[in-house]
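Just the heavy atoms: all of them, side chains too, but no hydrogens, waters or symmetry mates, feed the values below. Below, chains carry the letters A, B, ... as their sequence lines are ordered, and counting in each starts from 1.
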Number of protein chains: 2
Amino acid sequence: MPAPSNAGTVVAAVPTSEGLRSSLHDRGQRLTPQRQRVLALFERIGEGTHLSAEEVHQRLLRAQERVSLATVYRTLRLLSSMGLLQELELPEGGRRFELAGDAHRDHHHMVCVGCGRTEEFESTAVLTAGEAAAGLHGFRLLDCVLTVRALCPRCAERS
Amino acid sequence: MPAPSNAGTVVAAVPTSEGLRSSLHDRGQRLTPQRQRVLALFERIGEGTHLSAEEVHQRLLRAQERVSLATVYRTLRLLSSMGLLQELELPEGGRRFELAGDAHRDHHHMVCVGCGRTEEFESTAVLTAGEAAAGLHGFRLLDCVLTVRALCPRCAERS
DNA sequence: TTCCGTGCAAATGGTTTGCAATCAT
DNA sequence: ATGATTGCAAACCATTTGCACGGAA
């Protein structure tokens, strides 16, 4: 299922520990090992993967990095509010998060309602449409997420 | 082209009691007053409005139509699986439902993350993009929902 | 030293489910 | 009559929160 889309030339605009530290300080908050661990996890796995809070917790445990589940939740919310992570609303599971990047204002999902298989794709047309709608109502666009519900070839066959 | 519906007589695109009855019978299920009431509520309010399970329950109570909350949940799931309702995933509140119609393959939402105000808009460009993506991966498109996260004029001002 | 952040456990709130009674067919 | 459906309440589960301790600044 690897979409070959994630071609090269990705200039890391992703905050590392130092960037994260100053961002937090600007808000009167602190850099903690837990926060570093959560962000580092997302950086490690790259932009393509969506994780639930539970999955983040499990992966950290597996990596010998102890972070309580409650803190995972708090940190996911924090990093999202800072714009470092993006929250997704996929039809299937509950809340999921992925690393935010500039590319993500224009990064969409197609989910098979039969088996849950998810493909990602990009489309500037969608972003353009979102901006048009925002302008029309005087809104300031933050990001737009298109979720295409569909049947994958295998599931389409069975129905 | 999902939901081919009734061939021949093109009367109501929206199944009324009779249509609902036969659809249910095809699945070995029954037409009950509760199911009629829930569907009728959505038909009454039209396509534009999204209701949570709790809101459906409240509205039915207000209309003197007693349906337990548990049954509301069961019925919403049932009607969605039949394609009569469409489940939305708006960032703000939990699950919401609205009447499904062909128009909804191209019917999108812009949500203010500050106050929850929601505007709807249409864009054929989005549907086109979704179809392109579906074709690319061999998927069969069911519908596509674009959620634009944004700040409404009022909330934008305060930040 | 100051308080922000963490871990734990308890609380929460939306959604689901077991079961006996009820109703559509 | 038969089995699907309902209502109720208890069960569930993901997420949030109160509180005391520990650690960044």
For L146(B) against C144(A), the heavy-atom pair lying closest together:
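Between these two residues, the closest heavy atoms are CD1-CB, 3.8 Å.
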When rounded to the nearest 0.5 angstrom, what distance separates [atom1] in [X] from [atom2] in [Y]?
{"X": "R21(A)", "Y": "E18(A)", "atom1": "CZ", "atom2": "CD", "value": "5.0 Å"}
{"X": "L20(B)", "Y": "L78(B)", "atom1": "CG", "atom2": "CG", "value": "8.0 Å"}
{"X": "Q86(B)", "Y": "F97(B)", "atom1": "CD", "atom2": "CZ", "value": "10.5 Å"}

Measure [atom1]/[X] against [atom2]/[N] and give the value in whole Å, please.
{"X": "L69(A)", "N": "dG7(C)", "atom1": "CG", "atom2": "C1'", "value": "11 Å"}
{"X": "F97(A)", "N": "dT15(D)", "atom1": "CZ", "atom2": "C1'", "value": "10 Å"}
{"X": "Q58(B)", "N": "dG14(C)", "atom1": "CD", "atom2": "P", "value": "11 Å"}
{"X": "R74(B)", "N": "dG14(C)", "atom1": "CZ", "atom2": "P", "value": "18 Å"}
{"X": "L51(B)", "N": "dG14(C)", "atom1": "CG", "atom2": "C1'", "value": "16 Å"}
{"X": "R96(B)", "N": "dG14(C)", "atom1": "CZ", "atom2": "C1'", "value": "12 Å"}
{"X": "L20(B)", "N": "dT5(D)", "atom1": "CG", "atom2": "C1'", "value": "14 Å"}
{"X": "R95(A)", "N": "dA14(D)", "atom1": "CZ", "atom2": "C1'", "value": "9 Å"}

Assuming nearest nucleotide by heavy-atom distance, tell me which of A53(B) and V67(A) is located more 5' along DNA chain C.
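Taking each residue's closest nucleotide, the earlier one in sequence belongs to V67(A).
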Nucleotide of dC8(D), dT15(C), dT17(D) approaching A70(A) most closely (side-chain heavy atoms)
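Side chain of A70(A) sits closest to dT17(D).
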Among dT17(C), dT15(C), dG7(D), which is the nearest nucleotide to the side chain of R77(B)?
dT17(C)
Does the R35(A) side chain pair with the main chain of R30(A), one donor and one acceptor, at a distance under 3.5 Å?
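Yes: the side chain of R35(A) pairs with the backbone of R30(A).
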For the side chain of R66(B) and the base of dG7(D), is some donor closer than 3.5 Å to an acceptor across the two?
no
Hey, does the side chain of [X] come within less than 4.0 Å of [N]'s phosphate (OP1/OP2), counting only N and O?
{"X": "R35(A)", "N": "dG5(C)", "answer": "yes"}
{"X": "Y73(B)", "N": "dT15(C)", "answer": "yes"}
{"X": "Q34(B)", "N": "dC23(C)", "answer": "no"}
{"X": "S68(A)", "N": "dT6(C)", "answer": "no"}

What side-chain donor-acceptor pairs closer than 3.5 Å can you find for residues 62-72 of chain B, not counting sequence neighbours?
{"unit_1": "S68(B)", "atom_1": "OG", "unit_2": "T71(B)", "atom_2": "N", "d": "3.2"}
{"unit_1": "S68(B)", "atom_1": "OG", "unit_2": "T71(B)", "atom_2": "OG1", "d": "3.1"}

In terms of hydrophobic clustering (I, L, V, M, F, W, Y; side-chain heavy atoms under 4.5 Å; direct or indirect links), are I45(B) and V56(B) co-clustered?
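Yes; V56(B) is reachable from I45(B) via cluster members.
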Listing time: all N or O pairs from protein to nucleotides 23-25 of chain D that are below 3.5 Å?
{"unit_1": "dG23(D)", "atom_1": "N2", "unit_2": "R30(A)", "atom_2": "NH1", "d": "2.8"}
{"unit_1": "dA24(D)", "atom_1": "N3", "unit_2": "R30(A)", "atom_2": "NH1", "d": "3.2"}
{"unit_1": "dA25(D)", "atom_1": "OP1", "unit_2": "H25(A)", "atom_2": "NE2", "d": "3.0"}

